[in-house]
Amino acid sequence: ACGYRPAPVIAALLVSLVLPQGPSDLDPLDRPILAPAPSAAIELRDGESAAARLVPYDAPWESANGGAVLVLPGGGYGHLARHEGEDYARWLNALGFAAYVLEYRLGNAGHPHPAPVRDAAMALAWIRAERRAPIDVERVGVIGSSAGVSLFTYLKRIGQIDFVIAVLYVVMLSSIGLLMLAESLRT
């Protein structure tokens, strides 16, 4: 027995099957998603000259549920898939979550691993500390696609995430990728 519970991995696979077009196509309230415009981006620095940017999308006050989600777009660490940022944030706003899209530093711009992991850790710490909206610090999660899922596997291993949503994980087809995801989702 390897100690892994298959339920979280199966849930992650199901999410990737249910949302192949991206979450903007699903409105849980069955009406157009009307979310406020994003707030001004926040620069996150760890002592280097380059900075990551965190773009807040506050949930409408009337539907805010106290949860917050860090959005980690994919893009193979070479670019950021913009449709996996703003679209996910607006979908999460419709569900009542405050969303924060992280524009993490990229390897092809001279910031290889672990810079993106440090950026994500700084973003989570900022979300918990600043609480721009009424956020329950025990309800802070992460949604990621592709490279974004890879990033949150590192964060989950150091215990900074309350819940995760894996939308698309390309490496999942390999046994190493599947075990890495299973380990990150294990409770």
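Along the sequence shown, residues are numbered consecutively beginning with 1.
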List the atom pairs, donor and acceptor, that lie under 3.5 Å between side-chain atoms in residues 64-73 and the rest of the protein, sequence neighbours left out.
unit_1 : atom_1 : unit_2 : atom_2 : d
N65    : OD1    : G67    : N      : 2.8
N65    : ND2    : L95    : O      : 3.1

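Partners of E86 under the side-chain contact (heavy atoms from CB on, under 4.5 Å) rule, at least two apart in sequence or in another chain, are Y57, R90. Shown here are the ring-ring contact (aromatic ring centres under 6.0 Å, His included) partners of H79, two or more places apart in sequence or in another chain: there are none.
If you take CG on L80 and CG on L102, they are separated by 8.0 Å, rounding to the nearest 0.5 Å. Note that OG of S145 and CD1 of I165 are 10.0 Å apart. Values are rounded to the nearest 0.5 Å. With values rounded to the nearest 0.5 angstrom, H111 atom NE2 is found 13.5 Å from Y104 atom OH. Taken to the nearest 0.5 Å, the CG atom of L54 stands 10.5 Å off from the CD atom of E130. The CG atom of D58 sits 7.5 Å away from atom CD1 of I135, with the distance rounded to the nearest 0.5 Å. In this structure, the separation between CZ on R82 and CG on D87 is 12.0 Å, given to the nearest 0.5 Å.
Nearest heavy atoms, S63 versus N93: OG-O, 4.1 Å. Taking both residues in full, the closest heavy atoms of A147 and G75 are given as CB-N, 4.2 Å, listed atom of the first, atom of the second, then distance. Residues G74 and S146 share a closest heavy-atom pair of CA-CB, 4.2 Å. Of all heavy-atom pairs spanning P56 and I42, the tightest one is CG-CD1, 3.4 Å. Heavy-atom minimum distance, A89 versus V101: CB-CG2, 3.8 Å.
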Worksheet entry | side-chain contact (heavy atoms from CB on, under 4.5 Å) evaluation trace for E84 with V167 | CA-CA 10 Å; E84 295 172 4; V167 178; over 6 Å; no

Practice prompt. Report the C-alpha distance between V117 and L151 in whole Å, list the side-chain angles of each, state the deciding distance to 0.1 Å, and finish with yes or no for side-chain contact (heavy atoms from CB on, under 4.5 Å).
Written response: CA-CA 6 Å; V117 177; L151 276 178; 3.7 Å; yes

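The aromatic rings of Y100 and W126 sit perpendicular to each other, their planes meeting at more than 60°, with 30° as the lower class boundary.
Without hydrogens or angle criteria, D162 side chain to G141 main chain gives no donor-acceptor distance under 3.5 Å. Remark: side-chain polar atoms of E103 are not paired, donor with acceptor, to backbone N or O of R53 under 3.5 angstrom.
Residues I143 and F97 form no side-chain contact, since every pair of their non-hydrogen atoms from C-beta on lies 4.5 Å or further apart.
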